[in-house]
There are 2 protein chains.
Amino acid sequence: MAVEASTRQDTHTESADGEMPVPAMFRNLIGYHLRVAQETSFQAFARAAGKADLKPGWYALLTVLAERESMTPSELSRICGRDRSTLTSSLKALSHRGLIERQSNPDDQRSYSVRLTENGRRMQEQLHAIAVVYNRRLDEIAGKDKAVLIAVLGRIAATFGTPQHS
Amino acid sequence: MAVEASTRQDTHTESADGEMPVPAMFRNLIGYHLRVAQETSFQAFARAAGKADLKPGWYALLTVLAERESMTPSELSRICGRDRSTLTSSLKALSHRGLIERQSNPDDQRSYSVRLTENGRRMQEQLHAIAVVYNRRLDEIAGKDKAVLIAVLGRIAATFGTPQHS
DNA sequence: GCAAGATAGTTTGACATCAAATTACCTTGC
DNA sequence: GCAAGGTAATTTGATGTCAAACTATCTTGC
């Protein structure tokens, strides 16, 4: 993509086109690298999934459901770490496509539970196959540092994911 | 990758189990840990910024602008690694709040450049102060593994971030 | 019983992100 | 010069996220 608009009196050593150098100011910030790494790898997964018309956002839901007979939306949201309101449209789409079934709860009219259908299970397996490939690539990239990487990321999630204090 | 789940508190059902463990199926997936770590830490930053009515999404833009006299939206999008269309509304908001100024380019009527105003520079400094605190916490969490972490994240971004454009 | 409060799920609104389509303008090739 | 193609920015549409407000229903406390 051609890039190069001229008028860039440097500060950046001209990298071959397409490549965007990490701005000096961010080079030492973990948060920056974390965000970029997550976004780019997720996009790669999304593209691969999208080619088969599979929505990457469904993967976590279907995978969690594949491990349990059935769950309520609230349980799902807790396990997936997403706000309950986030699930409404996803469950609607999944249900509409016949990947999950809803069963109303006779003991509580407010609630219902969702369960994978056969098609849902197949979809989960397809998405899982794609996820496995990408995690394999990530493993290769991490190499011998994988354990350290996972340990540090786990500490980050534990620290920020558990609002300590008020 | 898209697998993300758990590790988030909630009106915890804190009983014997303590906290929601990482589902076994995801425990060894880098993509999962990457996603959770990024989301939780970013949200912590967002909350801190939000308390001062600062939008975390502005930080990267303002910071990049703070290092150069002026830039076009396209240059900004390249350096920030975001799609050009993503910037339109952000720049509109920043401009509307008087944090940046637009200057039309006399040589090209299609283009314009943006520049920080004094208020924009102050806003950048406020956000930067918040970002520094969070990156310091991240540094503490990473400890001696910081260099390895940044190296691996950089390799991930480089691998997935440079799609061999078909 | 019945009012008050808690809980399940949905709706709405503000942000972000990308990709594809649009509009306006510039550059080129002949 | 003028049509054809490229480029800058915007618009539109699909996903995805959270938080807050809202509806419906269940539970409680008296």
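Chain naming here is simple, since letters A, B, ... match the order of the sequence lines and numbering starts at 1 in each.
Straight-line distance from the CG atom of B/D83 to the C1' atom of D/dT15: 14 Å, rounded to whole Å. Distance B/M71 CE to D/dA8 C1': 15 Å, rounded to the nearest Å. Rounded to whole angstrom, the span from the CG atom of B/D107 across to the C1' atom of C/dT27 amounts to 14 Å. Separating the CG atom of A/D108 from the P atom of D/dT25 is a distance of 10 Å, rounded to the nearest angstrom. Atom pair B/F42:CZ and C/dT17:C1' shows a separation of 12 Å (rounding to whole Å applied). The CZ atom of A/R84 sits 12 Å away from the P atom of D/dC18 (whole-angstrom rounding). One can place CD of B/Q43 at 11 Å from C1' of D/dA19, the figure rounded to the nearest angstrom. What separates CD of B/Q109 from P of C/dC25 is a distance of 7 Å, to the nearest Å.
Of the candidate nucleotides D/dC26, C/dA19, D/dT10, C/dA19 has the atom nearest to the side chain of A/R47. Distance from the side chain of B/R35 is smallest to D/dG16 among D/dG16, C/dT11, C/dA16. In the set C/dC25, C/dG9, D/dT17, C/dG9 carries the atom at the smallest distance from any side-chain atom of A/S74. Distance from the side chain of B/S85 is smallest for C/dC18 among the nucleotides C/dC18, D/dG6, D/dT17. Counting only heavy atoms from C-beta on, B/T86 has its side chain closest to C/dC18 among C/dG9, C/dT7, C/dC18.
Donor-acceptor pairing under 3.5 Å is recorded for the side chains of B/D83 and B/S85.
For the pair B/K92 and D/dT11, the criterion of a side-chain N or O lying under 4.0 Å from OP1 or OP2 is met. In terms of phosphate contacts, A/S111 brings no side-chain nitrogen or oxygen within less than 4.0 Å of OP1 or OP2 of C/dT7. When the side-chain nitrogen and oxygen atoms of B/R82 are compared with OP1 and OP2 of C/dT17, one or more of them lie within a distance under 4.0 Å. For A/Y59, no side-chain nitrogen or oxygen approaches OP1 or OP2 of D/dG16 to under 4.0 Å.
A donor-acceptor pair under 3.5 Å is formed between the side chain of B/E75 and the backbone N or O of B/T72.
The 5' end of DNA chain D is approached more closely, in terms of each residue's nearest nucleotide, by A/W58 than by the other of A/W58 and A/P106. Across the interface with DNA chain C, nearest-nucleotide mapping of A/E39 and A/S89 shows A/S89 to be the residue nearer the 5′ end.
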inquiry  = Set out, in order, the CA-CA distance, both residues' side-chain angles and the distance that settles ring-ring contact (aromatic ring centres under 6.0 Å, His included) for B/F160 and A/F45, then state yes or no.
reply    = CA-CA 9 Å; B/F160 290 105; A/F45 175 60; over 10 Å; no
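Checking B/Q38, B/E39, B/H33 one by one against B/R35, the side-chain hydrogen bond (donor to acceptor under 3.5 Å, both in side chains) holds for a single residue, B/E39.
Note that CG of A/N135 is 8.5 Å distant from NE2 of A/H128, once rounded to the nearest 0.5 Å.
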